[in-house]
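What follows is a set of notes on a single structure, which appears directly below.
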Amino acid sequence: MQSPDKEAVKETVRQPPQHAPLVQFPVVAGQLQIGGQPLTRLADRIGRTPFYAYGREQLSARVKSLREALPAGIELHYAMKANPMPAVVGHMARLVDGIDVASGGELQVALDAGADPREISFAGPGKSELELRQALAAGILINIESFREVTLLARLSAETGYAARVAVRVNPDFELKSSGMKMGGGPKQFGVDAEQVPDLLAQIGQAGLGFEGFHLFAGSQNLRPEAIIEAQQKSFELALRLAESAPAPVRTLNLGGGFGIPYFPGEQRLDLAPIGQNLAALQARAKQELGGTRLVIELGRYLVGEAGVYVCRVVDRKVSRGQVYLVTDGGLHHHLAASGNFGQVIRKNYPLAIGNRMDAEMEPGVSVVGPLCTPLDLLGERMSLPHAEPGDLVVVFQSGAYGVSASPQNFLSHPAAAEVLV
Ligand SMILES: *Cc1c(COP(=O)(O)O)cnc(C)c1O
């Protein structure tokens, strides 16, 4: 699953690259503060480890700073698959302009959270007939990703009498450069190839579905503003061309997102200023050339990733042939991404800390592992960490997105992780 990169290892030894500073959670008297309280107190309040904790303050601050960096009028959607905890979705629903769901299950959570159905959109390949029926009944916007969905929606809409609101998810004829995870361009299971979209639009028109716009999503976890700008620019041009075949005016143009956050040493925070400038230019063009289309960006990871931590307790401290292992009660089964097994090609350490000993003396070469019977259950490999003993609390930063819901919780039948919004 991972290939050792010898060059990269050598490089690390010569000059350890620095991580972008993690200042979102303050430290008081050696204790990381989450939700305004010391970590040990929060752990006592929750009553068990491991847990994920998400900060309301950090979530709100992130949306606020993003709004400040983007031009007014750009609509901000939360892609809730990044963190579907109902309390988080409820908090986000009050801050953003819409929620993007990827299943019937997520739709229920979004509606429970109080999201306005007019501002919910549903994307994903393989939508079932049941899910499409739910979506019609809820009155949300459905991002069509295949010819089958047109036929099915036409039939379901006729059967139920519920009007269908649709957008077309386009598989673009370009790729998002240097994206962590490409989700558009070339052959893909997502969306409909740009070349086929004129045909699809004709069928949407014939079927009498309510066409509202286009949706383009090129990829995820990108830290290069110029790549994001290029993707948004090309998405806009493509939408302009496709608009000529549309059966109705393009009211919404969802330009995707893909904004990344720094996980690993050497990675810096995304510079939003040039992205904001580009969006302002596109907004002006949308007004001129598309007649007042609303521009939407949809973000998951960027909105919630830095606002969350995963916390587990040291159960044992072992020395094996000179190397220190902190064995914890949490690991891969709760946090697949931190173990390096959720899409990473080369395993790198997430930022870790000992949350109740933030100012203890550092110990080099410490590995943090979980309780599973597999060497893949690794949270940190040969890191410098404050000296820790059983009972201490290991913190994995940048854990607010693609955490527990993206992990194989049942693997080895350990207890599930708790989740709190504080
Ligand atoms: C997953 C997904 C997102 C969110 O991606 P992030 O990288 O978390 O911002 C947005 N839109 C679509 C269609 C997705 O599938």
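Note that this is a predicted model, so its numbers are computed, not measured. Both counts, for ligands and for their atoms, begin at 1 and track the order of listing.
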Should Arg62 and Glu306 count as an ion pair when the cut-off is N to O under 4.0 Å?
yes
Could you list the atoms of ligand 1 found under 4.0 angstrom from a heavy atom of Ala79?
3 (C), 4 (C), 10 (C)
Are any of the N or O atoms of Tyr302 closer than 3.5 Å to those of ligand 1?
no
May I ask you to list the atoms of ligand 1 that are less than 4.0 angstrom from any heavy atom of His215?
13 (C)
Note: Ser220, heavy atoms under 4.0 Å from ligand 1, region reported as both
For Phe190, is the nearest heavy atom under 4.0 Å from an atom of ligand 1?
no
Looking at Phe122, does the NZ or CZ of Lys127 lie under 6.0 angstrom from its six-membered ring centre and within 45 degrees of the ring axis?
yes
Would Phe217 count as a contact of ligand 1 if the rule is a heavy atom under 4.0 Å away?
yes
Reported OG1-to-OH distance for the pair Thr49 and Tyr310, which is rounded to 0.5 angstrom:
8.5 Å
Numbering as shown, the atoms of ligand 1 that approach Leu299 to under 4.0 Å (heavy-atom distance):
9 (O)
At a 4.0 Å threshold, what atoms of ligand 1 neighbour a non-hydrogen atom of Tyr402?
1 (C), 4 (C), 5 (O), 6 (P), 8 (O)
What do you reckon, does Gly300 have a nitrogen or oxygen under 3.5 Å from a nitrogen or oxygen of ligand 1?
yes
Test: Glu237 and Arg241 ion pair at under 4.0 Å:
no
Hey, is Arg357 close enough to Asp392 for a salt bridge, meaning N to O under 4.0 Å?
yes
Sub-4.0 Å heavy-atom contact, Asp100 with ligand 1
no
Does the distance from a Lys or Arg side-chain N to an Asp or Glu carboxylate O, for Glu57 and Lys64, drop under 4.0 Å?
no
Glu119 with Arg294: basic N within carboxylate O range, under 4.0 Å:
yes
